[in-house]
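See structure below.
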Amino acid sequence: MNTKGFIFDLDGVIVDTAKYHFLAWQKLAKSIGVDFTETQNEQLKGVSRVKSLEKILNWGQKTISKDEFESLMVSKNDDYLGHINDMDATEILPDVPKILNYLIENKQGVALGSASKNAGPILEKVNLLSKFDVIVDGNSVTKGKPDPEVFLTGAKLLKIEAKNCIVFEDAVAGVKAANAANMISIGIGDKETLHEADYVFSDFTEISIEFIQELINR
Ligand code: BG6
Ligand code: MG
């Protein structure tokens, strides 16, 4: 039997938390007099908390002290935690459990590859933690997406070669990271935004079991 490694991003792929990151960053940016658009927000997706704040400050041409930077990072996360506090399994995106269960039944490697330091608690809240053989998150990597480290670490822990791994991503930075890792990249979201991915689907309801089986057989 073939064993492939399937690596899932979290925010915007498994759960709809990308919207909460956006709301929290937007509120924080407003508080320091910076405005950014939803198009600019695409550049924040998949990107670490530190790098996201650096980008926002750069857009607003703001320079702040190290202490202010730290306190803004704390504010953003506190606000974000407020949004995810009451999350439960109803926030899992459609057909994600179906695909996860199929992969598990068919003995494929299943990993999480997320930039978020909140990934573990979120997976617990939505009751999906036990589905993953391996968790790689923002606490376990030094270089964020678009660097391939998060996915290469996932492949290593799964003990599956990078070329036999498939990544699901909603972020441009994440698709770049998967491509740099020499993995098959599957974009979840807008075709134009994610044009660098090998395949793009609007969401998991568009991904058939036949397609997953074809990826396994390759
Ligand atoms: C990524 C999100 O998954 O995690 C980004 O797409 C976020 O928007 C990043 O900034 C870091 O998340 P956290 O939870 O550690 O602030
Ligand atoms: Mg994401």
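Whatever order the structure lists them in is the order used to number ligands and atoms, beginning at 1. Hydrogens, waters and symmetry mates are skipped; everything else that's a heavy atom, side chains included, is used.
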task: Ignoring hydrogens and angles, state whether a donor on the side chain of N77 or N118 is under 3.5 Å from an acceptor on the partner side chain.
output: yes

statement: So for L10 against ligand 1, with non-hydrogen atoms under 4.0 Å, the contacting part is neither

- prompt: Would you say A18 touches ligand 1, if touching means a heavy atom closer than 4.0 Å?
  reply: no

message: Can you report which non-hydrogen protein atom sits closest to atom 16 (O) of ligand 1, along with the distance?
response: R49 NE, 2.7 Å

- prompt: Is the count of non-hydrogen atoms from other residues, nucleotides or ligands lying under 6.0 Å from K76 atom NZ greater than 12?
  reply: yes

Distance-only side-chain donor-acceptor flag, D67 / S65, under 3.5 Å: no

- prompt: Which atoms from ligand 1 have a heavy atom of L44 less than 4.0 Å away?
  reply: 5 (C), 8 (O)

query: For the residue pair F168 and F204, does the interplanar ring angle fall in the parallel (under 30°), tilted (30 to 60°) or perpendicular (over 60°) class?
result: tilted

query: Where is the nearest protein heavy atom to atom 15 (O) of ligand 1: which residue, which atom, and how far?
result: K117 N, 2.7 Å

query: Where do S140 and D137 land on the side-chain hydrogen bond (donor to acceptor under 3.5 Å, both in side chains) test, with the steps shown first?
result: CA-CA 6 Å; S140 35; D137 64 16; 3.3 Å; yes

message: Do N217 and Q213 pair up side chain to side chain, a donor and an acceptor below 3.5 Å, judged on atom types alone?
response: yes

- request: Say whether V47 and ligand 1 are in contact under the criterion: heavy-atom distance to a ligand atom below 4.0 Å.
  value: yes

- prompt: Judging by distance only, is a nitrogen or oxygen of D11 under 3.5 angstrom from one on ligand 1?
  reply: yes

field: Numbered atoms and elements of ligand 1 in range of N118, under 4.0 angstrom, heavy atoms
entry: 13 (P), 14 (O)

query: Between E214 and R218, is there a side-chain N and carboxylate O pair less than 4.0 Å apart?
result: yes

- prompt: Contact between G46 and ligand 1, counting heavy atoms under 4.0 Å?
  reply: yes

query: Do the charged groups of E169 and K145 touch, with an N to O distance under 4.0 Å?
result: yes

- prompt: Would one find an N or O of S116, backbone or side chain, under 3.5 Å from an N or O of ligand 1?
  reply: yes

Angular separation of OD2 (D9) and O (D11) seen from the Mg ion (ligand 2), to 10°: 90°

field: Name of whichever N/O/S atom of D170 is nearest to the Mg ion (ligand 2)
entry: OD1

- request: Answer yes or no as to whether an N/O/S atom of E169 is found below 2.8 Å from the Mg ion (ligand 2).
  value: no

